[in-house]
Amino acid sequence: MAKQSPKKWGGIRHFYSLLIKNLKIFIRNHGLVVISFLSPIILMGIFVVTFSAQNAGGTMNGGVAYNIAFLNVDKEGLNSTDPGGLVSHHFIAVTKNISLFQVYDNSNKYEGRPITETYGNTLLSEGKLDVLVTLPANFSEVAIGSTWWYQVLKMRNFENISEILNGTGVDIEFAKNLTAAVNGTNFPTGFQPNFTIGLTPNPIDGALITSTLVGIVDQLLLSYNALNMTTIEVFIRNGIDQPLSFFDYFMAKYIIIAGLMPISAVATIIVNEREEGSFSLVDRTLASRGVNLLSLTISQLIISGIQIFILTGLLWISGAYIHPNFNWLLLLLICSTLAFVSISIGLLLGLTTKNAATSGTIAFLILIIFQLMGGTFANINPDVSRWIPMFYCTQAALFTIIEGASWEIVGLYLIPPLLMGLTIYLLANLAFKLKKRL
C-alpha cells in the first residue's frame with residue numbers, strides 16, 4: 001500500500017492541476033466568457049424589459065381572474081364512489097385554489113346552469129368564458145397508468161402489493177386506498193393524460209393559461225408517482241394569494257438557461273486542446289484520460305454554479321414571483337443536472353467533430369432545439385418533450401421557484417436527464433480512450 005501512495009497522491013495533484021488549468025482556459029477565452037455569462041444575463045434583461053412594457057400596456061392579466069369552466073366527462077378510471085374520477089377532481093380542486101382563475105364546474109354552475117358541451121362553447125363564443133377545459137373519459141385512467149407503481153403492479157398481476165410499497169416512504173393510507181381501487185384494472189401505461197382547451201384571450205395570456213394548466217397536471221402526476229396525498233393537499237393549499245403572470249412562469253423556467261452554456265464552451269475547449277496537442281502531453285503524466293475529462297467536467301460545473309448564482313440574483317431583482325419556500329440549493333442541483341448533460345454533449349462534440357466551426361454550429365442547433373422543444377417558451381407534445389432533458393429540468397425549476405417544491409418531489413424529475421447525461425458522458429469517455437492521436 002505504501003508503494004502505491006505516491007502514485008495515488010500524484011494522480012490527485014494532476015487532477016487538481018488539470019482542474020485549475022481548465023478554469024484558466026475558460027477565463028482567458030473572452031469569447032467563452034461572453035457566451036457563458038453575459039449572453040444569458042442580457043437575454044434575461046431583455047425579457048424583463050419586454051414583459052414589463054407589455055404589462056404596463058395592459059396585455060397581461062393585470063390581476064383579473066380568468067373565467068374558466070371544466071367539462072368533466074372523466075367517468076372511467078378508478079373503482080371509486082367519486083363519479084368524476086379521482087385525478088380530474090384533484091385537477092379542478094387545485095385550479096380553484098389559484099387566484100388566477102374563477103372556476104366553474106358542476107359544483108359551481110355558471111348562472112345556475114351546469115356546464116355542458118353546448119353551453120360551454122356558447123359561453124366561450126360569447127366571451128363570457130375565457131377558457132373551456134374538457135377532461136376526457138379516461139383522464140384518471142391514463143394518469144394512474146402512467147405511474148411507475150401501477151406498471152409494476154400490472155406486471156405482477158396485482159400480487160404482493162405490500163412488498164412494492166414497503167420502504168418507499170409513501171403515504172401508506174393513501175397508497176393502500178389507491179392501490180386497492182386499481183386492483184385488477186387494465187389501464188393504458190406509458191401515456192400522459194390529455195385534455196382539450198378552448199381559449200379566447202390574446203396569445204400571451206393564452207400561453208400563461210396553458211402553461212399553468214399543464215403545470216398542474218405535471219404536479220399531480222408527480223404526486224401520484226410518489227403516492228403522497230400530503231403533496232396533493234399542499235398543491236391545493238399552496239399559499240399563492242396573488243395572480244401569477246406569464247412573466248413569472250417564464251422567468252422561473254428560463255433561469256436554467258445557464259445549464260445549456262457548457263455545450264458550446266466544452267466543445268470549443270476540447271477542439272482547441274486537440275489542435276494544440278495538449279492531450280498528448282497529459283498522456284505522459286499520471287493523469288489518465290478519464291481524469292482529464294473529469295477535471296474539465298468539474299470545472300464547468302463550478303462555472304455553472306456561478307452562473308446560476310448570478311441569474312438567481314437577477315430573478316430576485318426582476319420582481320418575478322418566488323415562493324417563500326424556495327430552495328436555492330435545489331435550484332443549483334437542477335441547473336447542475338442540466339449542465340452535466342450539456343457538458344457530456346460538449347465533450348462528445350469536441351471529440352467527434354473536425355473543427356471548432358462545426359462543433360459550434362452543432363452546439364448552437366442543440367441549444368435552440370432544447371429551448372424550443374424543452375418547454376421553455378411553450379408546452380409541446382409530451383411524446384416529443386420526454387426525450388429532451390431540458391424539459392425535465394424546466395419543470396423542476398418551475399416547481400421549485402413557483403411552488404416551493406421539496407427535494408423528494410423535484411428529484412423524480414431529475415432522474416431521466418441524469419441518466420441521459422451519464423449515457424452521453426460514458427460515450428464521450430469511450431471515444432476519448434479510443435482516439436489515440438489527439
Side-chain angles (χ1 to χ4, degrees), residues 61 65-147 185 187-224 232 235-236 244 246 249 375 378-386 395:
N61 187 35
Y66 298 104
N67 289 324
I68 178 173
F70 282 91
L71 177 60
N72 186 11
V73 294
D74 183 15
K75 304 298 182 183
E76 301 177 11
L78 305 178
N79 298 324
S80 170
T81 55
D82 188 344
L86 184 64
V87 184
S88 60
H89 275 268
H90 279 151
F91 184 16
I92 296 172
V94 174
T95 307
K96 285 181 177 179
N97 186 246
I98 298 178
S99 55
L100 188 69
F101 299 114
Q102 173 60 49
V103 179
Y104 298 95
D105 63 346
N106 290 335
S107 64
N108 182 30
K109 303 174 182 178
Y110 192 93
E111 296 181 347
R113 294 179 57 183
I115 302 298
T116 63
E117 183 176 3
T118 302
Y119 186 46
N121 285 316
T122 299
L123 294 174
L124 195 67
S125 63
E126 292 177 353
K128 295 180 180 179
L129 283 180
D130 298 305
V131 192
L132 177 63
V133 179
T134 303
L135 303 180
N138 64 348
F139 186 78
S140 291
E141 190 176 38
V142 174
I144 298 300
S146 69
T147 61
T185 56
F187 297 168
T189 57
F191 300 94
Q192 277 195 314
N194 292 316
F195 54 92
T196 304
I197 304 178
L199 292 166
T200 58
N202 62 58
I204 294 179
D205 290 347
L208 164 63
I209 293 168
T210 302
S211 177
T212 304
L213 294 175
V214 172
I216 292 173
V217 174
D218 288 336
Q219 293 167 349
L220 290 175
L221 292 180
L222 283 174
S223 300
Y224 285 112
I232 295 174
F235 289 153
I236 296 176
L244 300 183
F246 179 75
Y249 284 90
N379 293 290
I380 62 171
N381 190 323
D383 292 332
V384 176
S385 60
R386 70 173 59 184
Q395 294 299 316

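Note that the numbering runs from 1 along the sequence shown for the chain.
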About how many Å separate [atom2] of [Y] and [atom1] of [X], when rounded to the nearest 0.5 Å?
{"X": "Tyr224", "Y": "Leu86", "atom1": "OH", "atom2": "CG", "result": "3.5 Å"}
{"X": "Phe139", "Y": "Phe91", "atom1": "CZ", "atom2": "CZ", "result": "5.5 Å"}
{"X": "Thr196", "Y": "Glu117", "atom1": "OG1", "atom2": "CD", "result": "9.5 Å"}
{"X": "Asn121", "Y": "Ile115", "atom1": "CG", "atom2": "CD1", "result": "10.5 Å"}

Quick one: are [X] and [Y] in side-chain contact, heavy atoms under 4.5 Å?
{"X": "Lys96", "Y": "Phe70", "result": "no"}
{"X": "Thr185", "Y": "Glu141", "result": "no"}
{"X": "Pro193", "Y": "Val217", "result": "yes"}
{"X": "Thr147", "Y": "Phe187", "result": "no"}
{"X": "Leu132", "Y": "Leu123", "result": "no"}
{"X": "Ile68", "Y": "Leu213", "result": "yes"}

Criterion salt bridge (charged side-chain N to carboxylate O under 4.0 Å, His left out) on Glu126 and Lys128, from CA distance to verdict = CA-CA 6 Å; Glu126 292 177 353; Lys128 295 180 180 179; 3.5 Å; yes
With Tyr66, the side-chain contact (heavy atoms from CB on, under 4.5 Å) member among Asp130, Leu129, Val103 =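 Only one option passes, and that is Asp130.
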Considering the options Val133, Asp74, Asn72, Leu71, which one meets the side-chain contact (heavy atoms from CB on, under 4.5 Å) requirement together with Phe195?
->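 Of the listed residues Val133, Asp74, Asn72, Leu71, the side-chain contact (heavy atoms from CB on, under 4.5 Å) partner of Phe195 is Val133.
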Ser140 side chain vs Val87 backbone, donor-acceptor pair below 3.5 Å | yes
